[in-house]
Student: 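First the structure, which I've put down as structure tokens, then a few questions once you've had a look.
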Amino acid sequence: MPTLTIDVSTTPVTYNPSPEVKHGDTVVFTLGNALSATATITFPNGTCLTTSGPYTLGGPTMATAPLTVALAAARGVYSFDVDFNSGQESLARKGHEWDRKNGGIDVNNDPPKELLR
């Protein structure tokens, strides 16, 4: 099953290969090269993953274990928020966007579209 890797350290958040997943695929959140950062990832409106979170990254945990897209997840985009430094940086630097980010995982169970030749 394909794995979607989401690097929350980049601006904007980057997805490899894309934000689209299918039921049963795996998702890994990573801090990429941000070795001194910590981040908490939450799904404010519900998650498509079998483990609800929140997921905390930093220190020895630079990436989550592979998380599975639930077979019962409804199709659609599941938004997530990333709060760096466990909220402490956000409180100290209110108004700065670099310490809070968001993104989304698009659950789509349609077969892949063939490229027209």
Side-chain angles (χ1 to χ4, degrees):
M1 304 222 171
T3 297
L4 163 62
T5 302
I6 303 172
D7 187 344
V8 298
S9 70
T10 59
T11 302
V13 171
T14 55
Y15 303 87
N16 184 14
S18 79
E20 293 182 0
V21 294
K22 296 188 183 317
H23 297 101
D25 285 356
T26 55
V27 175
V28 174
F29 289 96
T30 179
L31 275 174
N33 294 326
L35 300 178
S36 62
T38 60
T40 302
I41 299 136
T42 56
F43 285 83
N45 301 313
T47 182
C48 59
L49 304 172
T50 57
T51 308
S52 62
Y55 311 104
T56 302
L57 302 176
T61 309
M62 294 302 288
T64 61
L67 305 162
T68 305
V69 177
L71 297 178
R75 289 176 49 182
V77 176
Y78 291 81
S79 299
F80 60 84
D81 294 330
V82 183
D83 190 11
F84 283 92
N85 297 318
S86 302
Q88 299 308 308
E89 194 72 18
S90 296
L91 295 174
R93 298 178 180 263
K94 227 165 186 39
H96 290 261
E97 291 185 31
W98 62 267
D99 55 2
R100 285 192 63 87
K101 298 180 186 181
N102 55 34
I105 298 173
D106 186 0
V107 177
N108 179 349
N109 215 21
D110 293 338
K113 294 180 179 138
E114 297 260 332
L115 291 174
L116 298 175
R117 293 180 188 238

Student: Nearest heavy-atom pair of Y78 and T47: which atoms, and what distance?
Tutor: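 Smallest heavy-atom distance, with atoms named: CD2-C, 3.6 Å.
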
Student: List the residues meeting ring-ring contact (aromatic ring centres under 6.0 Å, His included) with Y15, not counting sequence neighbours, and say none if there are none.
Tutor: none

Student: Could you give the distance from CG (D106) to OG (S79), rounded to the nearest 0.5 Å?
Tutor: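 One finds 10.5 Å between CG of D106 and OG of S79.
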
Student: Which of these passes side chain to side chain contact (heavy atoms under 4.5 Å, CB included) with V28: T64, I6, N16?
Tutor: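 Per the side chain to side chain contact (heavy atoms under 4.5 Å, CB included) rule, the option paired with V28 is T64, out of T64, I6, N16.
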
Student: Applying side chain to side chain donor-acceptor pair (under 3.5 Å), name anything that partners S9, two or more places apart in sequence or on another chain.
Tutor: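 Counting only residues at least two positions away or on another chain, S9 forms a side chain to side chain donor-acceptor pair (under 3.5 Å) with D7.
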
Student: Might you point out which heavy atoms bring G24 and T68 nearest each other, and give the distance in Å?
Tutor: O-CG2, 4.0 Å

Student: Side chain to side chain contact (heavy atoms under 4.5 Å, CB included) with V107: which of D25, V69, V77?
Tutor: V69

Student: Can you list everything that forms a ring-ring contact (aromatic ring centres under 6.0 Å, His included) with F29? Sequence neighbours excluded, please.
Tutor: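 Y55, F80.
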
Student: To the nearest 0.5 Å, how far apart are CE in M62 and CG in N33?
Tutor: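 Here the rounded value is 8.0 Å.
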
Student: Drop me the distance from L67's CG to L4's CG, to the nearest 0.5 angstrom.
Tutor: 10.0 Å

Student: Who are the side chain to side chain donor-acceptor pair (under 3.5 Å) partners of T3, not counting sequence neighbours?
Tutor: T26

Student: Using every non-hydrogen atom in the two residues, find where A63 and L57 come nearest and quote the distance to one decimal.
Tutor: C-CD2, 3.6 Å

Student: If you round to the nearest 0.5 Å, how far is NZ of K22 from CG of L71?
Tutor: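 Interatomic distance, L71 CG to K22 NZ, rounded to 0.5 Å: 13.5 Å.
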
Student: With sequence neighbours left out, write down each residue that passes side chain to side chain donor-acceptor pair (under 3.5 Å) with S52, or none if nothing qualifies.
Tutor: none

Student: For the residue pair G104 and P19, what are the closest heavy atoms and their distance?
Tutor: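 Looking at all heavy atoms of both residues, the closest pair is O-CB, 3.7 Å.
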
Student: Where the side chain of T42 meets the backbone of P44, is there a donor-acceptor pair that is under 3.5 Å apart?
Tutor: no

Student: Quick one: list whatever passes side chain to side chain donor-acceptor pair (under 3.5 Å) with T10, sequence neighbours left out.
Tutor: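 Checked T10 against side chain to side chain donor-acceptor pair (under 3.5 Å); matches are T14.
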
Student: In the single-linkage hydrophobic clustering (I, L, V, M, F, W, Y; side-chain heavy atoms under 4.5 Å), do L35 and V8 co-cluster?
Tutor: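 Yes, L35 connects to V8 through the hydrophobic network.
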
